[in-house]
Student: 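I'd like to ask you about the structure that follows.
Remember, predicted model here, so these are calculated numbers, not experimental data.
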Amino acid sequence: MKTLFAFCFSAILALPVFAQDVASVLDNDDIRWNLAAAQIESSLDSEYQSVREQTLKNAIVLATLYRDKFDLSDQGSLLRKIYKESESDQNHMLALALLHTIGGTRVQDFLAHNETQADSDEVRLVLASVLNEYYNSRQTTSVIG
């Protein structure tokens with residue numbers, strides 16, 4: 001019993017020291033953004049549709065507002081899977097919006113090749129808008145450059 005008490009007492013005394021070490025690690029912006037991206041990836045892989053839906057919304061906000069700090073380009077395959085396999089039109093459109101926010105030619109090529117898989121008119125309209133914006137921006141860049 002005395003050993004257990006001594007262990008608990010020493011653990012309580014050591015907690016502030018451990019907490020300071022964790023706080024100093026979390027002061028690093030890169031570590032915090034990497035942790036946020038890992039959490040997003042984990043939540044996107046959830047078996048619950050509502051968790052995936054809310055995570056997609058959060059990821060869109062983070063990827064839009066903090067584009068230079070929050071990188072989800074590594075999660076492209078997971079987002080493409082959600083876009084292709086989701087049963088919810090809401091999740092289709094959210095995954096489409098997040099893919100559009102991430103951008104890049106691989107994402108746009110994927111969307112162009114899978115536009116016929118859109119089930120609803122609303123998803124097809126959003127997809128057409130995304131692809132139209134992408135192609136217009138490429139033409140503008142080609143003309144300027």
Side-chain angles (χ1 to χ4, degrees), residues 4 6-120 122-145:
L4 180 62
F7 174 75
C8 291
F9 184 71
S10 62
I12 289 172
L13 291 177
L15 280 177
V17 173
F18 178 71
Q20 287 175 345
D21 289 342
V22 171
S24 65
V25 168
L26 292 179
D27 284 342
N28 185 330
D29 265 356
D30 293 334
I31 292 173
R32 281 194 314 228
W33 287 111
N34 288 339
L35 287 172
Q39 179 62 45
I40 292 288
E41 181 178 4
S42 175
S43 297
L44 284 174
D45 207 20
S46 172
E47 64 184 271
Y48 301 107
Q49 180 179 318
S50 59
V51 171
R52 285 192 310 270
E53 184 176 319
Q54 187 59 50
T55 302
L56 286 166
K57 290 176 184 177
N58 294 342
I60 290 168
V61 170
L62 290 172
T64 302
L65 296 178
Y66 303 103
R67 180 178 297 275
D68 57 330
K69 297 177 183 179
F70 190 70
D71 183 22
L72 285 176
S73 57
D74 294 342
Q75 281 77 25
S77 61
L78 179 59
L79 292 170
R80 290 189 294 269
K81 178 183 170 191
I82 291 172
Y83 176 76
K84 283 177 121 176
E85 297 175 4
S86 181
E87 298 170 5
S88 159
D89 280 347
Q90 179 73 12
N91 281 358
H92 280 296
M93 288 195 301
L94 289 170
L96 174 61
L98 186 52
L99 284 166
H100 176 59
T101 302
I102 292 170
T105 52
R106 286 180 59 197
V107 168
Q108 302 305 334
D109 290 342
F110 165 79
L111 294 175
H113 287 89
N114 289 286
E115 73 176 300
T116 57
Q117 292 183 350
D119 292 335
S120 73
E122 190 175 17
V123 174
R124 275 190 220 98
L125 181 62
V126 171
L127 179 57
S129 175
V130 166
L131 290 172
N132 184 44
E133 182 180 328
Y134 172 70
Y135 291 128
N136 284 339
S137 70
R138 293 231 9 205
Q139 284 183 332
T140 304
T141 305
S142 298
V143 171
I144 294 174

Student: May I ask you to test the Thr101-Arg67 pair for a side-chain heavy-atom distance under 4.5 Å?
Tutor: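 A side-chain contact under 4.5 Å exists here.
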Student: For the CG atom of Leu94 and the CG atom of Leu99, what is their distance to the nearest 0.5 Å?
Tutor: 11.0 Å
Student: CG of Leu62 to NZ of Lys57: how many Å apart, nearest 0.5 Å?
Tutor: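 NZ of Lys57 is found 14.5 Å from CG of Leu62.
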Student: What are the two closest non-hydrogen atoms of Ser43 and Thr55, and how far apart are they?
Tutor: CB-OG1, 3.1 Å
Student: CG of Asn58 to CD of Gln39: how many Å apart, nearest 0.5 Å?
Tutor: 10.0 Å
Student: Can you tell me how far the CE atom of Met93 sits from the CG atom of Leu56, to the nearest 0.5 Å?
Tutor: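 If I round to the nearest 0.5 Å, the distance is 12.0 Å.
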Student: Identify the two heavy atoms, one from Lys81 and one from Asp45, that lie closest to each other, and give their separation to 0.1 Å.
Tutor: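 Minimum heavy-atom contact is NZ-OD1, 4.4 Å.
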Student: Rounded to the nearest 0.5 Å, what separation is found between the CG atom of Leu44 and the CG atom of Leu98?
Tutor: 7.5 Å
